[in-house]
Structure formats: structure tokens, C-alpha cells
There are 2 protein chains.
Amino acid sequence: MSSPSSTPPDRATLPAAIPSGANLAALRDHNAATVLTLVRAATATAAVTATAADRATQATGGTSGRAGVSRVELARQSGLTAQAISKIVQRLLDDGLLAEAGRGASTGGKPRTLLTLVPDARWAVGVQLGRDALTVLRADLTGRVVADRQVAIDLAAWGPGRVLDLLAEQVSWLLGAVPPERVLGVGIASPGPLDQRAGVLHQVTGAPSWDGLALRDEVAGRLGLPTLIEKDSTAGVLSGLGSPDRAFVHLDRGLGAGLVLGGAVQRGARTNAGEFGHQTIDPDGPRCRCGNSGCVEALWAAARSPREAAGVLGEAIANLVRLLDLDEIVLGGREVLAAPDLYLAEVRRVLAARLPDPTWQPVTVSVAPSGPNAVALGAAGLVLARLFG
Amino acid sequence: MSSPSSTPPDRATLPAAIPSGANLAALRDHNAATVLTLVRAATATAAVTATAADRATQATGGTSGRAGVSRVELARQSGLTAQAISKIVQRLLDDGLLAEAGRGASTGGKPRTLLTLVPDARWAVGVQLGRDALTVLRADLTGRVVADRQVAIDLAAWGPGRVLDLLAEQVSWLLGAVPPERVLGVGIASPGPLDQRAGVLHQVTGAPSWDGLALRDEVAGRLGLPTLIEKDSTAGVLSGLGSPDRAFVHLDRGLGAGLVLGGAVQRGARTNAGEFGHQTIDPDGPRCRCGNSGCVEALWAAARSPREAAGVLGEAIANLVRLLDLDEIVLGGREVLAAPDLYLAEVRRVLAARLPDPTWQPVTVSVAPSGPNAVALGAAGLVLARLFG
DNA sequence: GCCACTTAATCCACGCTGTTGTTTAACTGG
DNA sequence: CCAGTTAAACAACAGCGTGGATTAAGTGGC
């Protein structure tokens with residue numbers, strides 16, 4: 001019972017994307033995750049389209065204006081039968097993940113019973129391990145942050161032992177009296193490169209004592225909770241819901257991009273996708289600390305004005321959008337947050353200029369609403385994904 | 001019975017990646033596809049590692065030196081129980097998709113019965129609709145081309161009617177006396193942009209009569225076979241097996257990239273991913289026909305020597321590899337095939353120079369073994385994917 | 001105020017999935 | 001020759017979603 005629980009085959013031993021068999025338990029978990037995702041989406045859109053609620057009710061039998069979805073709607077959207085939805089919902093109600101929340105308007109018969117997520121049925125902990133700061137937060141099932149804290153650290157000088165002790169201490173504080181079985185796990189975002197699958201850090205620039213550290217297992221050992229690690233920029237893309245083809249562009253000390261393509265997080269062959277800062281966009285450009293010339297990062301740093309810097313980022317994003325046919329870009333990171341309106345305006349301007357047909361290819365550009373918490377929240381989103389598939 | 005058959009929910013009505021429920025039929029098909037994929041992989045690697053067969057037997061209980069896999073190995077690799085594999089294999093034997101092919105060496109007990117794909121149990125038709133040529137071919141389950149033909153056309157001048165009649169005629173010739181139930185379908189690769197999901201072409205440069213044509217349904221109507229369409233470069237990436245994170249770089253009239261990331265073909269929000277040719281890699285570069293300046297395509301065209309042109313492509317590929325953390329690049333298209341060794345050497349040289357640590361990030365670069373058939377074969381691969389998941 | 005009608009959700013029996021436990025098949029080695 | 005070992009199938013079973021019938025809870029006409 002309880003939450004999705006099928007143990008994935010260990011992906012370490014085999015080359016990579018091994019086709020993997022599924023049994024009845026996996027089927028059940030998959031469908032439970034499907035239903036949870038649909039309920040979450042419905043409540044999320046209900047919040048957004050609260051004003052345009054009238055139009056929504058009209059649209060193709062879709063989400064009603066109210067918060068929550070009915071079983072009939074879930075059946076239609078999932079492709080499962082009403083009976084199957086009934087059973088699945090019943091299990092989720094028993095687990096406390098869903099709750100009935102009033103009824104919808106009748107359309108001539110028995111009114112639909114609306115279902116919503118129970119936000120505090122489970123918790124996810126998100127951590128951002130930065131070079132100079134440690135951010136920890138606790139998020140509920142809807143991705144709302146209920147507690148967060150940021151403490152100054154010195155990653156390079158302190159070394160793993162001291163930092164991880166502090167981390168464990170902060171997480172304990174976060175969780176307070178929350179029973180462990182209600183905690184889905186801990187997600188840790190760290191500067192790359194790293195091996196996400198093995199949970200091991202590679203050489204962190206300027207912090208040799210962290211080289212090869214088994215970060216995931218170290219933290220899991222200290223906390224006794226399921227733990228995952230992720231590159232910071234990649235984590236960021238999970239800080240909120242959004243398009244199945246989107247990117248989180250993280251402009252902080254470095255420049256990285258988190259990618260969700262075809263609805264799935266993309267990490268690449270060695271889980272180091274997103275090295276966006278070292279795209280060469282001008283072979284005659286300034287030398288970059290990576291050794292090459294004309295990287296986006298180097299061009300950005302060499303810009304003569306904030307506006308020009310933002311424009312450079314826009315050009316790089318235009319390339320990204322064209323290559324991957326994205327329809328949503330979320331901006332984050334300290335440099336962006338220091339001048340959000342400027343970056344928003346410039347990136348939008350460049351995209352409008354560069355992309356062939358804006359009506360055929362609209363791209364939403366926004367600044368991460370979670371602001372400085374985006375990466376840590378994305379790390380929490382990583383563990384939430386255990387439940388939502 | 002027979003081949004995987006669950007009807008996918010229509011993705012047209014809903015935003016995009018709708019989480020979709022699965023039932024027992026879907027589960028069965030998924031596992032059948034899993035087994036077929038494992039058998040295919042085993043036979044493919046057996047062919048490749050034929051020389052290094054001795055080492056293979058030693059490795060982690062993996063694929064034995066011979067062609068074929070045993071049920072025990074399938075069970076281990078898929079994570080399913082031996083009994084489940086037994087049943088699934090039995091169904092696939094009944095369908096004629098698998099066959100028993102000898103036995104492996106005994107390891108002290110009953111020897112394993114080896115299973116192989118029956119190559120001609122099903123057929124896939126691949127079509128490349130080019131501006132000046134129509135390529136059609138028939139491929140078996142292993143992706144081997146058993147018949148192919150290329151005829152000159154003039155896409156712009158002839159218009160859809162004449163070309164599609166010719167296409168139907170060629171496909172009929174290809175299939176000869178093959179019973180329709182043994183034909184998985186027809187995949188059609190076309191120059192983009194197009195709407196892969198709807199099966200509709202967008203404005204094909206210089207061929208206005210094709211604008212908005214419902215290519216998929218037109219062809220399906222003429223042939224009475226399941227039909228899919230795909231961008232040419234995207235199709236190309238399916239012309240062979242390979243890494244779960246790879247790209248097919250197609251240098252022909254234009255430059256495009258087909259992407260497989262995380263084991264899945266990536267098409268993007270409007271199924272137009274892969275616009276690789278219009279990545280800006282030099283803002284001061286020559287003007288491109290797309291309206292911008294310094295696109296890869298424009299730089300390539302402006303190169304003063306073939307070697308320089310190949311180098312330009314290499315630079316662009318280096319960006320691609322870094323961004324997506326790819327470990328395999330396949331080159332194709334007429335321009336590459338005109339000087340394969342040059343392109344291979346230059347791309348490898350640039351990658352070696354540009355990528356930080358070649359031992360940590362090895363990238364395989366090759367020219368598509370199917371040569372001029374790569375795109376059409378990839379289109380056939382698209383329909384083979386119906387069987388292999 | 002009744003009742004036919006409609007729609008939502010559940011109850012019940014069922015078919016089919018992969019799983020568990022047991023048996024048969026087929027080869028090795030002392 | 002026979003104990004030991006490994007592969008694969010047989011038999012019984014739990015649990016998944018499905019299909020058909022039933023109950024719950026509204027609307028609307030007269």
C-alpha cells in the first residue's frame with residue numbers, strides 16, 4: 001500500500017537505459033502516480049485560472065473552475081475506466097494522499113465529488129549545497145515551502161565533514177516532529193560535475209576535499225532518509241510545474257541549464273547535461289576559464305553593460321530554444337535575481353527577434369517564482385517525483 | 001495477441017505530456033517490447049563483439065558469445081521472474097517473432113536455450129521524401145534493408161498528388177506479396193518544419209503546394225497501412241541502435257540534428273526540435289538565409305575549404321555534446337557522405353580539443369553505416385519502435 | 001410534490017497479468 | 001551409474017483493470 005514502492009533495478013551495473021520489465025505492483029504504482037499528477041495539475045491550474053474560471057468550465061469537459069477534480073474527469077484524462085479510478089482513488093484516500101473536497105455543479109445528475117491533494121500528507125526536503133551558502137527547506141506535496149533557512153558556509157575551506165554535519169543538523173531542525181514515514185526523502189543540489197546515478201561528486205572547482213565524495217550515501221547515512229543528489233541547474237528545472245519541454249537557465253557563479261524534454265528530466269550519458277555556459281557563441285570572443293574562447297559565460301562576463309550581458313544570455317537561449325523546440329524558459333540564479341526585469345525584457349526581446357515566427361513558436365519566459373529558493377525547491381521536487389512518477 | 005496493440009490516447013486534445021494510465025494489455029505489451037528489445041540487443045552485440053566473444057562470456061553473466069539470449073538472461077536483465085519470461089517468450093514464439101536457435105554451453109546443468117529474433121516476421125517500410133528524390137525501402141526486424149529504390153522527383157514542381165501516387169506505387173512494389181498483417185507500417189521522413197503528432201506538413205521552403213498537407217493521413221489512406229511522419233534529421237537518429245544519449249547530425253541541403261535523449265526520441269514542444277543549422281555560433285558571421293547572422297549553416301557555407309567546413313561542424317557538435325552530455329554522434333547526409341573521412345577526422349579533432357577531459361567524456365563519432373539510406377531507414381525504425389517500445 | 005431522466009460512483013464477477021512453489025528436463029562430474 | 005546442478009515448464013494464486021448491473025444523488029417537466 002502507501003506510496004509508489006516498486007524498487008527500480010539497479011542502473012549502475014548495466015550500460016544505461018536498460019529496457020526494464022514491469023509487474024502488477026509497478027502497474028499499480030504507475031497508475032497511482034498518474035492519478036496524483038492529474039489531481040495536482042488540476043489544483044495548480046485551478047489556482048492559476050481562478051479569474052478565467054468561467055471559460056474553463058466551457059472547455060472540452062476539462063478542469064472545472066473549482067479546486068479539485070472528479071473521478072469522471074480523472075477517468076477521461078487518464079484513459080482508465082471509471083471503476084479503475086474508483087479503486088485507485090480509494091487507495092489514495094486510505095493513504096491520506098487525497099481528500100474529498102466538496103462537490104461540483106450538477107450537470108443534470110448526481111454532482112461530481114471533487115478530489116484534492118492533501119498537501120501535508122508527505123514532505124520533501126530540499127537542500128542547495130552552494131559554495132558559500134547552504135539552503136535547506138521543507139516542501140509539501142503541492143511544492144509549497146513551509147520552512148526554509150540559509151546559513152553561510154565555506155565549501156572549500158570547511159571540507160565535507162563539517163558541512164555535512166551542519167546539513168544534517170539543519171534538516172533535523174526542518175523536520176521537527178514530522179514522523180519519518182511521512183518524509184519522502186531529501187534532495188541535494190550541488191554544483192557539478194557529478195555522477196547523479198552513483199551519487200558521487202566529481203572535482204568541484206576549487207574544493208579538492210570534496211572530490212569523489214559519495215555525497216548521496218554520506219547524507220543518507222546521517223539522516224536515515226532516502227536521498228538523491230542532482231546538479232544545481234538541473235534541480236532548478238523541477239522547482240515548479242511547467243511545460244514538458246522547458247529549461248531552467250541558472251545564472252549564478254556559472255551558467256547552467258536544467259532540461260525537461262518530452263516530460264522527463266534530461267541528464268545525459270554521464271549525468272552532466274546542462275553545461276550551457278560553455279557553449280561557444282563567438283570563436284573570436286574572450287578567453288574563458290574553461291580554456292576555450294567565446295563561451296557564453298565569458299561573453300557575459302565581458303559585457304560592457306548589464307543590458308548587454310542580459311542580451312548575451314538571450315542569444316544563447318535563442319539557440320537553446322531552436323535546437324530543442326522549447327516553449328518555456330524559467331530564469332533563476334543570483335545574477336538574474338539581482339536584475340530580474342532587465343533579464344526578462346532582454347531575453348524576451350532577443351527571442352522575439354531571433355525566432356522565425358513568434359505566433360507559431362510562442363515561448364514563455366519567466367523568472368522562477370521561488371526566487372533564491374528555486375534550486376533547493378527543485379531538489380525537493382526531485383523527491384516529490386517519487387510520488388508523481 | 002500478436003504485436004503490441006494498446007491504442008495510445010489522442011494527444012491532440014490535451015496540452016502535451018498527459019500522464020496516461022496503463023492497463024493489463026499495456027503491461028503485457030510493455031513487457032513483450034522489453035523482451036524483444038533485449039533479444040535484439042543481444043543479437044546486435046553478438047554480431048559486433050564476435051571477435052571479442054571470449055571476453056563477453058566472462059562479463060557479469062551478460063550476453064554469451066553466441067547469437068541469441070536465453071530465458072534466464074532475459075529474466076535477469078528485465079527484472080522479471082523466470083516464469084514471466086517463460087510465458088512472454090511463449091507468446092512471442094507463437095507470434096513468430098522469436099525462435100529458438102540452439103543451446104548455450106552448459107554451466108553444470110541443463111544448457112540454456114538460445115532465442116533469436118525472426119528477422120522476417122514483420123516488415124517496416126521507410127520513405128524519405130526529399131526535394132529531388134524519393135527513397136523507399138523495406139527493412140526487417142533487425143533493421144536490415146532487403147529492398148530499396150530511389151527515384152528522382154521534383155517536390156516543388158510536381159505537387160502532392162503526383163508525388164504521393166508515385167510513393168504509393170513504389171511502396172506497393174516494395175511489399176510485393178508480403179501479407180499486410182506482416183507489415184508494421186510506413187514511416188515517412190520529410191524536410192521540416194512539420195507537426196509530427198498531427199501528421200501535417202508546415203511550409204516547406206519553396207514548395208507552397210505542400211503547405212498544410214495532411215501527409216500522414218494522405219498516405220495512410222492510399223496504402224491502408226499504419227503511417228507515421230517525421231522530420232528527416234529526427235528520423236535519421238533511428239537508423240540504427242546506439243547510446244540512449246546520442247545525436248544524428250544530418251548535413252544535406254540544410255543542417256539538422258536528430259536527438260535521442262534518455263533513451264527517447266526528442267521532438268520538442270511543436271515537434272520541431274533539431275534546428276541545429278541555425279544555432280548562432282558567431283554573431284559577426286555571414287548572413288544566413290534564415291535572416292540571422294552567423295548560423296552554423298551560414299558559416300559552413302562560407303568556409304574557404306572543405307576542411308574548414310568540417311571544422312565548423314565540429315565546433316557546433318562540441319556545443320551540442322557539452323550541452324546534452326552525449327556519448328555518441330552519428331554523421332549523415334550528402335555533404336558528409338561526399339567526404340566521410342574528412343568529416344570524421346575533423347569532428348573528432350575538434351571534439352578532442354574542445355571537450356575538457358576526453359577520458360571522462362569519451363564520445364563515439366561515426367558515419368551512418370546505412371549511408372544514403374540512413375534517413376529512410378530511420379523512418380522505418382520509427383515503425384519498428386511500435387514493436388520494440 | 002411526484003416521477004422519469006440523467007449522471008456519479010460503487011458492487012460483483014471475471015479475465016488476464018506476473019508471482020510463488022513444485023515438478024520435469026537435460027547436462028556435468030565423481 | 002547416480003547425486004548434484006541448472007533451465008524451463010506446470011499448477012495454483014493474488015491482484016490488476018474491465019465489463020455489466022446496481023445504488024446514490026441530483027435535475028426538470030407536469
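Chain letters run A, B, ... following the sequence lines, proteins first, then strands; residues in each count from 1.
The phosphate of C:dA9 has OP1 or OP2 within less than 4.0 Å of a side-chain N or O from A:Thr113. OP1 or OP2 of D:dA25 has not a single side-chain nitrogen or oxygen of A:Arg112 nearer than 4.0 Å. Residue B:Asn23 has no polar side-chain atom (N or O) positioned under 4.0 Å from OP1 or OP2 of D:dC16. Contact check, A:Arg28 against D:dC16: a side-chain N or O comes under 4.0 Å of OP1 or OP2. Between B:Thr81 and C:dT19 there is a side-chain polar atom (N or O) within less than 4.0 angstrom of OP1 or OP2.
As judged by a 4.0 angstrom heavy-atom cut-off over every strand, A:Ser86 is placed among the base-contacting residues. Across all strands shown, B:Ile85 has no heavy atoms under 4.0 Å from either base or sugar-phosphate atoms.
Considering only side-chain atoms of B:Gln83, the nucleotide from D:dA8, D:dG17, D:dA11 that sits closest is D:dA11. The side chain of B:Pro111 has C:dA26 as its nearest neighbour among C:dT17, C:dA9, C:dA26. Comparing C:dT17, C:dA26, D:dT18 by their nearest atom to the side chain of B:Arg103 picks out C:dA26. Here D:dC16 is the nucleotide among C:dA8, C:dT19, D:dC16 with the atom lying nearest to any side-chain atom of A:Leu27.
Evaluation of atom-type donor-acceptor distances gives no pair under 3.5 Å for the side chain of A:Lys110 against the base of D:dT27.
Partner of B:Glu100 under the side-chain contact (heavy atoms from CB on, under 4.5 Å) criterion, out of B:Thr116, B:Leu114, B:Thr113: B:Thr113 alone.
When each of A:Gly109 and A:Glu100 is assigned the nucleotide of DNA chain C bearing its nearest heavy atom, the one mapping closer to the 5' terminus is A:Gly109.
Going from atom CG of A:Leu261 over to atom CG of B:Leu259 covers 8.5 Å, rounded to the nearest 0.5 Å.
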